[in-house]
Amino acid sequence: MNNGKVSRRRFLRTVGTAAAMAALGGPAIEALAAPYERKLVRFPEKGELILLTSRPPQLETPLPLFKDLVTPNENVFVRWHLSDIPTSVDLAAWRLQVGGNTEKELQLSMDDLKKFEKVTFTAVIQCAGNGRSFFAPRVPGGQWKNGAMANVTWSGARLRDVLNAAGVKAGSVDVSFNGLDKGPLPTVPDLIKSLVMDKALEEDIIIAYEMNGKSLTLLNGFPARLIVPGWYATYWVKSLSDISVNTKAFEGFWMNPAYRIPDTECGCIPPGSKPGRTVPINRMSTRSLIIAPGEGEKLARNKPANIMGVAFSGGYGIKDVVVSTDGGRTWARADLGKDLGKYSWIQFTLPWKPAKAGKYTLMAKATNGIGDSQPFEGLWNPAGYLWNKVEPLSVTVN
Amino acid sequence: MKKTFIVSIVVVLAGIVLTGFTGVSRAEEQGTVHSIQLPIMPFDLADGPGRNKAAGYCAVCHGVEYIPMQPKLSKAQWNATVTKMIKAFGAPIPQEDADTIVSYLATAYGTGQ
């Protein structure tokens, strides 16, 4: 009881001090706060995800949650760039403006958008910087491990159908996309992304208003977001508000200098060096990840311990996944699970029953439909993009 | 009047302290309006000269947790980061304060070189 009294008094004193400091300026509030760590938090419409940053929100999915073939909405990672994000959207007022070099300007309500043919497919959404924290030498930016990805069934209208309804005029070179998020100061460049005309007119690019059969969560881009399957999520503009067809190539901060990769075959350069020519990041590299067993897990000898994981590519499907239980000396072909199409990830399984006690290094390596695979050494670029190294995972068998 | 002001600050702060980490995290749908309320999550920065300037200026645009999230960066890398905030994002930081912030970051969150 006495303890409780003391701590309450101390609490009140601390708060009182903080109040006095807060009256003098914001930063003092931080004096009461916790140090940085990757801890689990709950944001609206989300399950327990790993906190990277809170303003704007950046939340990473814990690896064990990737045991699902399709990632439930509440487990899908969150990544915003600018701190003034939409926290309230009135569908009665929301309109998607489509214009620029078009025959007419469209102002589509959600009902209008839903009148276009509805297209549904499953596609991996992955942050360009997924895995950035593994780069050596380390690079600044969002320090993601491998959880900035998800496999979601998206539904929406084809971008091409919407553009055709507006009537793209001759001389158009690209299409730019803006969302409801804004910078906290007018000087902060708005997050606007663009796709060259041929890309924008591809059949599989959609304006999605559903994820896994439900409305989008606000943190994942309610009421509608662009889906560019096979490409990194930087193009998947959230809370879409404006689509503009341009006669001059769009050149905003978020297309250049941001989100560029070295113009080399691998998108990589020698670690620590500076790139020459760069190009906008685009198609995802082939990846695979072992989800179970987990890093450091202890397994029992002569008991089945199936190795399970997910593999995906930038829209070319997965041809095969091989798995090693001896640090890469020998490999066995894993069984592939249900095929949800070339943009989805596929689950792989290798039945395994370790007969001897000891430490084991597990690895998985995927090859996509056109023969591209994964490197054993991390490929490096200064922004920390395209991470797809074969990841070794240690388990102990007792 | 003054007392009421202080009391309400204490109440608000207590709310932040008590709920900040679990987060006041709500979503609601009213008619055609879909809304969420984001939790407030304060973070601590390491002590050192320039700490309050770093916290104050950086927090204008983003949570200060962006700082301790980074790997240990060299002074040149921290300088490039602060310069990017000023040049690319228009952070209104006078040069003198920018120098103080870079020194703080390089010492508290850097390789020290």
Side-chain angles (χ1 to χ4, degrees), chain A residues 11-12 14-16 18-20 22-23 25-36 39 41-46 51-57 82-83 85 87-93 133 137-143 183-189 215 217-219 222-223 253 257-258, chain B residues 5-14 16-18 20-23 25-29 31-46 51-73 77-78 80-81 88-92:
Chain A
F11 169 76
L12 286 174
T14 315
V15 168
I29 295 176
E30 311 290 344
L32 275 178
Y36 186 84
K39 63 188 170 206
V41 293
R42 245 176 206 280
F43 271 61
E45 304 175 292
K46 290 283 140 188
L51 179 70
L52 262 65
T53 63
S54 67
R55 188 171 70 94
L82 310 173
S83 56
I85 71 168
T87 54
S88 184
V89 177
D90 183 357
L91 277 185
S133 65
R138 298 282 300 269
V139 295
Q143 297 300 308
L185 299 174
T187 49
V188 175
S215 295
T217 62
L218 251 169
L219 289 175
F222 181 85
F253 173 83
Chain B
F5 174 65
I6 295 286
V7 167
S8 40
I9 284 185
V10 170
V11 170
V12 167
L13 268 171
I16 291 171
V17 172
L18 292 174
F21 303 117
T22 52
S25 169
R26 270 205 304 271
E28 63 180 343
E29 215 137 347
T32 56
V33 184
H34 184 92
S35 305
I36 56 172
Q37 187 182 340
L38 295 174
I40 297 165
M41 295 189 176
F43 282 86
D44 206 359
L45 286 182
R51 174 186 175 281
N52 285 357
K53 282 214 160 104
Y57 279 115
C58 300
V60 169
C61 287
H62 59 79
V64 296
E65 65 273 15
Y66 271 72
I67 297 165
M69 173 175 66
Q70 300 307 324
K72 287 195 180 301
L73 303 176
Q77 283 175 305
W78 274 123
T81 302
F89 296 114

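Each chain gets a letter, A, B and so on, in the order the sequences are listed, and its residues count up from 1.
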> When heavy-atom pairs shorter than 4.5 Å are enumerated against chain B, which of A:Ala93, A:Gly141, A:Pro186 gives the highest number?
Replying inline: A:Gly141
> Would you find a donor on one side and an acceptor on the other, under 3.5 Å apart, between the side chain of B:Gln77 and the backbone of A:Val139?
Replying inline: no
> Heavy-atom distance under 4.5 Å between the side chains of B:Pro39 and A:Val41, does that happen here?
Replying inline: no
> Would you say B:Tyr66 and A:Pro140 make side-chain contact, with heavy atoms under 4.5 Å?
Replying inline: no
>> Just verifying a value: how many Å separate B:Arg26 CZ and A:Glu45 CD, rounded to the nearest 0.5 Å?
In response: 13.0 Å
> So what's closer than 4.5 Å to chain B heavy atoms on A:Phe43: side chain, backbone, both or neither?
Replying inline: both
>> So does A:Ser54 get a backbone contact from the side chain of B:Glu65, meaning a donor-acceptor N/O pair under 3.5 Å?
In response: yes
> Where is the tightest heavy-atom contact between B:Gln37 and A:Pro44, given as atom of each residue plus distance?
Replying inline: O-CG, 3.2 Å
>> What I'd like to find out is whether the side chain of B:His34 reaches to under 4.5 Å of the side chain of A:Pro223, using heavy atoms alone.
In response: no
> Going from CD1 on B:Ile36 to OG1 on A:Thr87, what distance comes out if it is rounded to the nearest 0.5 angstrom?
Replying inline: 6.0 Å
> How close do B:Pro92 and A:Leu185 get, heavy atom to heavy atom, and via which atoms?
Replying inline: CD-CD1, 3.8 Å
>> Heavy-atom pairs under 4.5 Å with chain B: which of A:Leu218, A:Thr217, A:Leu91 has the most?
In response: A:Leu218
> Which residue out of A:Arg55, A:Gln143, A:Arg138 racks up the most heavy-atom pairs below 4.5 Å with chain B?
Replying inline: A:Arg55
> Most heavy-atom pairs under 4.5 angstrom with chain A, which of B:Ala54, B:Pro68, B:Cys61?
Replying inline: B:Cys61
>> Can you give me the closest heavy-atom contact between B:Phe43 and A:Leu51, atom names plus distance?
In response: CZ-CD2, 3.3 Å
>> Report which part of A:Pro137 has an atom under 4.5 Å of a heavy atom belonging to chain B: side chain, backbone, both, or neither.
In response: neither
> At a heavy-atom separation under 4.5 Å, does A:Ile85 approach chain B through its side chain, its backbone, both, or neither?
Replying inline: side chain
>> Quick one, A:Thr53 with B:Met69, criterion side chain to side chain contact (heavy atoms under 4.5 Å, CB included). Give me CA distance, side-chain angles, the key distance, then yes/no.
In response: CA-CA 8 Å; A:Thr53 63; B:Met69 173 175 66; 3.8 Å; yes
>> Would you say that B:Val60 contacts A:Pro184 through its side chain, given a criterion of any heavy-atom pair below 4.5 Å between the two side chains?
In response: no
